[in-house]
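In what follows, chains carry the letters A, B, and so on, assigned in the order in which the sequence lines appear, proteins first and then strands, with residues in each chain numbered from 1.
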Protein chains: 2
Amino acid sequence: MASYNKPDQTLFDMNAEILRAMAHPVRLMIMDELLRNPKCVTAIHEILDVSQPNISQHLTILRNSGIVASDRDGSYRCYYLRRPGLVKAVMETLSKKWPEADIENVRGNFKRALSIRLDKQGVVTPKGDS
Amino acid sequence: MASYNKPDQTLFDMNAEILRAMAHPVRLMIMDELLRNPKCVTAIHEILDVSQPNISQHLTILRNSGIVASDRDGSYRCYYLRRPGLVKAVMETLSKKWPEADIENVRGNFKRALSIRLDKQGVVTPKGDS
DNA sequence: ATAGGATATTCTAATATTCGAATACGGAAT
DNA sequence: ATTCCGTATTCGAATATTAGAATATCCTAT
């Protein structure tokens, strides 16, 4: 039961939790479908080639992490994205072609990175102390 | 050994793989640090409160999924983000405050979702066929 | 070659994820 | 009440992830 706004969690923990909930091909497919419009379980089950119980399990994971919510519609239960903007942004970000880092530029930063590391433990006291 | 451009993988599989690699608080912290500048393992180890072997393991995961790469710098090995833009975008997307879906609007789409589902299996033939 | 620091690997135990199978639940209509 | 349909839960086995401990490797300087 991981809700998505535990107040005492670090930002990294919370974000990791959301990412983990998203990090499955079937769940990505479900989110992709829900991005178009809300759907009941059977509709999702028919569109994707995944068993109904399995769909239900994945929906539970998405629900527990706050990504989807559901509402009754007669005898159906319709699922929808709670924050469609977030899901859309993540999926578009992933699909976008991102340029590789400029190796030369990166290499130029190595010394700085290294000095930062050395700064942290001081430059002196190579072995014996005092 | 999952490289990040297997040609016969679906987009969902590939994206899920990247998300899974990112979906850990320590790895998010590592990426956050590398976003500032490249760093060697020891620097990361000192900044985060995580054992060196564990840092190394997480770096291996990030490397295998194509998120980071490394280069020697003397006896150090400096890690850097291969596509900093991707990492930055994902992290900013996660941290942003996204509005909740408008429930009323969503509810209005339920019928459409349902009719789409019904369209798929036809309206006739309730039980016996032909 | 030896030593020492930086990084990687291996092993292991604990824990978590995944999925199929079977089943249970819940509402609507007969 | 029973049946049917849509959905959820439970169980179990296979597999994967995680982190610590111990150890190995690699580079550099002596």
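- Mapped onto DNA chain C by nearest heavy atom, A/H58 and B/P53 fall at different nucleotides, with B/P53 at the one closer to the 5' end.
- One atom, CG of B/D71, and another, C1' of C/dT7, lie 15 Å apart when rounded to the nearest Å.
- Placement of B/I61 and B/I18 in two distinct hydrophobic clusters is found when ILVMFWY residues are connected by side-chain heavy-atom separations under 4.5 Å, directly or transitively.
- For the pair B/Y76 OH and D/dA29 P, the interatomic distance rounds to 11 Å; values are reported in whole Å.
- Note on B/I61: only backbone sugar-phosphate atoms sit closer than 4.0 angstrom, heavy atoms only; bases stay farther off.
- Within the structure, the side chain to side chain donor-acceptor pair (under 3.5 Å) test picks out the following pairs touching residues 18-31 of chain A (sequence neighbours left out): A/R27-A/H58.
- Of the candidate nucleotides C/dA8, C/dG20, D/dC26, D/dC26 has the atom nearest to the side chain of B/R72.
- The nucleotide whose nearest atom lies closest to any side-chain atom of B/S51 is, among D/dG20, D/dT9, C/dA8, D/dG20.
- Using a 4.0 Å cut-off, some side-chain N or O of B/H24 falls inside it from OP1 or OP2 of D/dA19.
- Nearest heavy-atom pair across A/A89 and B/T93 is CB-CG2, 3.5 Å.
- Residue B/E46 contributes atom CD, which lies 10 Å from atom P of C/dT7 at whole-angstrom precision.
- Nearest nucleotide to the A/Q52 side chain, out of D/dT18, C/dA16, D/dA8: D/dA8.
- Using a 4.0 Å heavy-atom cutoff across all strands shown, A/S56 reaches at least one base atom of the nucleic acid.
- No continuous path of ILVMFWY side-chain contacts below 4.5 Å connects A/L11 to B/I47, so the two sit in separate hydrophobic clusters.
- Going from atom CG of B/L62 over to atom P of D/dT18 covers 11 Å, rounded to whole Å.
- Counting only heavy atoms from C-beta on, B/Q57 has its side chain closest to C/dT10 among C/dT10, C/dA28, C/dA8.
- For the pair A/I44 CD1 and D/dA8 C1', the interatomic distance rounds to 14 Å; values are reported in whole Å.
- Backbone-only contact: B/G74 has heavy atoms under 4.0 Å from sugar-phosphate atoms and none from a base.
- Contact between the side-chain N/O atoms of A/N54 and the OP1/OP2 oxygens of C/dG20 is found at a separation under 4.0 Å.
- Between the CG atom of B/L28 and the P atom of D/dT18 there is a distance of 11 Å, given to the nearest Å.
- Atom CG of A/D49 has 12 or fewer neighbouring heavy atoms from other residues, nucleotides or ligands inside a 6.0 Å radius.
- For the pair A/Y79 and D/dG6, the criterion of a side-chain N or O lying under 4.0 Å from OP1 or OP2 is not met.
- Between the CD1 atom of B/I55 and the C1' atom of D/dA21 there is a distance of 16 Å, rounded to whole Å.
- Remark: P of D/dG6 and NE2 of A/H45 are 10 Å apart, rounded to the nearest angstrom.
- Nearest nucleotide to the side chain of B/R27, out of D/dT7, C/dA16, D/dT18: D/dT18.
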